[in-house]
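The structure presented is a predicted model; accordingly, all values stated were derived computationally and were not measured.
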Amino acid sequence: MDAPMRAALTAMGGVDWCVTEFIRVTQSVLPTRTYQRLAPELEQQWKTASGTPLHVQFLGSDPEFLAANAVRAAKLGAKEIDLNFGCPAKAVNRHRGGAVLLEEPELLNTIVTAVRAAVPEPIKVTAKMRLGYLDKSLMLDCARALDEAGAARIVVHARTKAEGYRPPAHWHCIAQIADVVRAPVMANGEIWTVEDYLQCRRESGCNDVMLGRGLVARPDLALQIRTALLGEHQAPSSWDPIFAAVQVFYQHSLAQLNPTAAAGRLKSWLAHLRHTYPEASELYQQVRTQKVVAL
Ligand SMILES: Cc1cc2nc3c(=O)[nH]c(=O)nc-3n(C[C@H](O)[C@H](O)[C@H](O)COP(=O)(O)O)c2cc1C
């Protein structure tokens, strides 16, 4: 997620940590200003305004330059470095980045080994993977490759690249992966409700999950899951705290973007929220045709 969304969603509570959008690494070490732009939280010890730690994520296939950027991020204070082996975007895969690397487990190993060796020991190097590129045949080889290279955690989005974002997520495959690696495994994909979380936990065996779109559509989802884990029931949030989060998001967006672009981001989030909150639907209808929005 980008910084405005991180500020808004972590303010809702229940989130242990969050990750930057992937930072694409090719044949260069990115300048400090790029890190400052993509991770402004680095000025606050890599924490969002509500104190939630932020990890940095890289995407690329060149072990040397990924390692060199990891060193730069570490010097800028990053505490955890995540490597993206899950992005399904054609433009990214065509340039040998993201999920296409799941066809080459030995390269995954080389990349994680290089990044691990380049940064000081206390900094964790972690990985995010899908179940494969076109099929799941290399799923366990990929997970072993990451694990043997020293990945401190593996987040598994339980679909192949070919499956895109089409439900279902194959949570049971995550259990097979967790069986063959030492690293802690986190489940990801299609968790929209507390019930989904509980079902995912049963099928994957993972207590810890990574939330994507579910948290965008229902900003109190992490908090609801955390409360459910304590054996308590938390009624879904009313619109007021969600609207407060929307305001945080919009203020941050306005600080970074021109007013029309910020309004576009606002509308796009409201479009997600309107499926859960009738008030969001109303607000969306009000601002839909406005180029500049005053909240
Ligand atoms: C618009 C969009 C952008 C994404 N960007 C990233 C990214 O930069 N890095 C990453 O690891 N995953 C990214 N993802 C994937 C999500 O992190 C997550 O793995 C995926 O959406 C499945 O989880 P969900 O069903 O909870 O959304 C992105 C997903 C979407 C829809």
Side-chain angles (χ1 to χ4, degrees), residues 1 18-25 55-63 66 80-113 115 125-192 196-197 199-201 203-206 208-216:
M1 293 174 178
C18 53
V19 193
T20 63
E21 295 176 284
F22 69 72
I23 299 178
R24 194 156 168 186
V25 169
H55 306 161
V56 61
Q57 186 186 71
F58 291 119
L59 176 147
S61 57
D62 185 312
L66 284 164
E80 287 208 24
I81 291 166
D82 191 46
L83 296 164
N84 180 317
F85 303 115
C87 180
K90 273 202 185 81
V92 167
N93 289 173
R94 205 172 36 239
H95 294 101
R96 244 177 135 219
V100 73
L101 300 186
L102 298 170
E103 302 256 81
E104 302 178 66
E106 54 306 321
L107 179 57
L108 300 189
N109 184 282
T110 307
I111 290 172
V112 176
T113 302
V115 174
V125 176
T126 62
K128 168 115 180 276
M129 64 177 281
R130 282 185 178 241
L131 300 179
Y133 189 60
L134 297 180
D135 62 43
K136 303 180 182 65
S137 56
L138 293 175
M139 170 180 100
L140 299 182
D141 290 337
C142 287
R144 282 194 199 99
L146 299 170
D147 189 47
E148 282 161 16
R153 178 191 314 111
I154 303 174
V155 176
V156 181
H157 176 186
R159 276 183 277 241
T160 63
K161 178 264 169 196
E163 288 163 344
Y165 290 93
R166 256 192 334 277
H170 308 285
W171 294 323
H172 66 281
C173 294
I174 304 175
Q176 295 169 22
I177 287 176
D179 266 353
V180 301
V181 298
R182 289 161 305 180
V185 171
M186 282 179 72
N188 168 240
E190 292 302 316
I191 299 171
W192 299 92
D196 291 338
Y197 164 76
Q199 185 63 25
C200 172
R201 191 172 68 164
E203 290 185 26
S204 68
C206 297
D208 292 327
V209 296
M210 183 226 146
L211 301 175
R213 294 163 302 163
L215 194 64
V216 177

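Shown here are the side-chain hydrogen bond (donor to acceptor under 3.5 Å, both in side chains) partners of Thr113, two or more places apart in sequence or in another chain: Asn109. Not counting sequence neighbours, the partners of Asp141 by the side chain to side chain contact (heavy atoms under 4.5 Å, CB included) test are Pro105, Leu138, Arg144. Partners of His172 by side-chain hydrogen bond (donor to acceptor under 3.5 Å, both in side chains), not counting sequence neighbours: none found. For Pro88, the side chain to side chain contact (heavy atoms under 4.5 Å, CB included) criterion is met by Arg130, Lys161, Tyr165, not counting sequence neighbours. Residues forming a side-chain hydrogen bond (donor to acceptor under 3.5 Å, both in side chains) with Thr126 (at least two apart in sequence, or on another chain): Asp82. For Glu103, there are no salt bridge (charged side-chain N to carboxylate O under 4.0 Å, His left out) partners two or more places apart in sequence or in a different chain. Applying the salt bridge (charged side-chain N to carboxylate O under 4.0 Å, His left out) test to Arg201 and every residue at least two apart in sequence or in another chain returns nothing. Taking Asp147 as the reference, Arg182 meet the salt bridge (charged side-chain N to carboxylate O under 4.0 Å, His left out) condition, with sequence neighbours excluded. Applying the side-chain hydrogen bond (donor to acceptor under 3.5 Å, both in side chains) test to Arg159 and every residue at least two apart in sequence or in another chain returns His157, Glu190. Applying the ring-ring contact (aromatic ring centres under 6.0 Å, His included) test to His170 and every residue at least two apart in sequence or in another chain returns nothing.
Asn93 places a side-chain N or O within 3.5 Å of a backbone atom of Cys87 that can act as its donor or acceptor partner.
Using a 4.5 Å heavy-atom threshold, the side chains of Leu146 and Val181 count as separate. A heavy-atom distance below 4.5 Å is found between the side chains of Val156 and Leu131.
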Take Leu83 and Val125 through the test side-chain contact (heavy atoms from CB on, under 4.5 Å) and record every step on the way to the result.
-> CA-CA 8 Å; Leu83 296 164; Val125 176; 3.9 Å; yes

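Between Met129 and the choices Leu101, Ile177, Asn188, the side-chain contact (heavy atoms from CB on, under 4.5 Å) rule is met once, by Ile177. The one candidate from Val112, Leu107, Leu59, Val100 that meets the side-chain contact (heavy atoms from CB on, under 4.5 Å) condition with Phe85 is Val112.
For residues 90-102, the salt bridge (Lys or Arg N to Asp or Glu O under 4.0 Å) pairs, not counting sequence neighbours, are Arg96-Glu104. Within the structure, salt bridge (Lys or Arg N to Asp or Glu O under 4.0 Å) pairs that include any residue of residues 165-181 do not occur (at least two apart or interchain).
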